[in-house]
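Remember, it's a predicted structure, so these values are computed and weren't measured experimentally. Atoms within a ligand are numbered from 1 in the order they appear, just like the ligands themselves.
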Amino acid sequence: MNKTVLEVKELRKDYTVKSHKKGKKKVIQAVNNVSFSVIKGETLAVVGESGSGKTTLAKMIMCFEKITSGSILFNGENISLLKEKKAIKDFRKKVQMVHQDPTSSLNPSKTIFQIIEEPLKVHKFGDKNKCREKVEELIQLVELPLDFLERYPHTLSGGQKQRVGIARAIALDSELIILDEPTSALDVSVQAKIIDLLERLQKEFSLSYLFITHDLALVKNFADKVIVMQLGNLVEQGKVADIFNEPKKGYTRKLIKSIPVVEQREQEYLDSIEI
Ligand SMILES: Nc1ncnc2c1ncn2[C@@H]1O[C@H](COP(=O)(O)OP(=O)(O)O)[C@@H](O)[C@H]1O
Ligand SMILES: [Mg+2]
């Protein structure tokens, strides 16, 4: 049975901002009537140009941003109705986020050990020894050497920092990971390795991913389904192969056309060699 982990129904987010006209207010429909679902163990890619509402969508699912209307069900429970601190904390154990910029999302004054240990401490995972064991297991899962644990973020490359972000996101019994442009600050070759890692972890732990990107090429071989967003609206959704082979909307065709051929060739080359 395909279990639905996340179900988003008719979700909206309006921001009211001051307009340049004196005293006038303007409403921005950042997310407008969006519905989709994510199945356990699958990757749903959210694709769209800058300003299409992708990050706003992620923030609402993480309960960082209030919704204007609609509903968000996680394992059948309406999370926008969660009020109790404990309920929100339990939810946070299961849904984690990996941010776009690995430099600003890791605390520069903490060691890698402390950074990965933090969610374990917050959720009272266990005593000191149990936490150390778990952190060591996690750093190995993301294929970094153990001695990195004593280092500080500024001594790591972008790709290595993003691996630490991923280790932190899977520290607890996460079911859904929201990745907001996790590789857009990285070189193409590093991007490919991070995607490989994500795929391996997904299989091992039956993780579901909501993978946000402006780069449709990146998700071609990775995502199961795609939703295409434009100016807050969901313009098209479907299985990844259908979106690529038979895009129904002009906007999607434009996104596919904008994939540079060189990048595609480079990707094929990278896929064909052992790194
Ligand atoms: N806090 C905010 N206040 C007002 N407008 C916002 C806020 N956050 C985002 N927006 C607007 O909402 C729209 C969608 O933004 P965002 O979700 O960041 O898009 P994306 O992640 O796809 O680039 C944009 O027009 C943006 O300017
Ligand atoms: Mg964004």
Which bit of H214 gets closer than 4.0 Å to ligand 1, counting heavy atoms only: side chain, backbone, both or neither?
neither
Need the ligand 1 atom indices (1-based, order shown) with element for anything under 4.0 Å from a heavy-atom of [X].
X	answer
V17	4 (C)
E49	22 (O)
S50	23 (O)
S52	19 (O), 20 (P), 22 (O)

Say whether G53, considering both its backbone and side-chain N or O atoms, lies within less than 3.5 Å of an N or O atom on ligand 1.
yes
Do any nitrogen or oxygen atoms of T55 lie less than 3.5 angstrom from nitrogen or oxygen atoms of ligand 1?
yes
Knowing that exactly one of V95, L6, N75 qualifies, which makes a side chain to side chain contact (heavy atoms under 4.5 Å, CB included) with E175?
N75
Side-chain donor-acceptor pair under 3.5 Å between [X] and [Y], yes or no?
X	Y	answer
S80	N78	yes
S109	N107	yes
E65	T56	no
Q114	Y152	no

For [atom], which protein heavy atom lies nearest, and how many Å away is it?
atom	result
atom 12 (O) of ligand 1	A30 CB, 3.3 Å
atom 9 (C) of ligand 1	Y15 CE1, 3.6 Å
atom 16 (P) of ligand 1	T56 OG1, 3.7 Å
atom 22 (O) of ligand 1	K54 NZ, 2.8 Å

Would K94 and D90 satisfy salt bridge (charged side-chain N to carboxylate O under 4.0 Å, His left out), going step by step from the backbone distance to the final call?
CA-CA 7 Å; K94 306 228 172 272; D90 284 348; over 6 Å; no
Using protein heavy atoms only, decide if any is under 4.0 Å from atom 26 (C) of ligand 1.
no
E236 side chain to K248 backbone, donor-acceptor under 3.5 Å
yes
4.0 Å heavy-atom contact, K13 with ligand 1
no
Could you establish whether G51 and ligand 1 come within less than 4.0 Å of each other, counting only heavy atoms on the residue side?
yes
Establish, for the pair K13 and Y15, whether the NZ or CZ atom is under 6.0 angstrom from the six-membered ring centre and no further than 45 degrees off its axis.
yes
Whether R200 engages the ring of F205 as a cation-pi pair (distance to the six-membered ring centre under 6.0 angstrom, angle to the ring normal within 45°) should be assessed.
no
Any N, O or S atom of T56 closer than 2.8 Å to the Mg ion (ligand 2)
no
Around atom CD of E10, are there more than 12 heavy atoms from other residues, nucleotides or ligands closer than 6.0 Å?
no
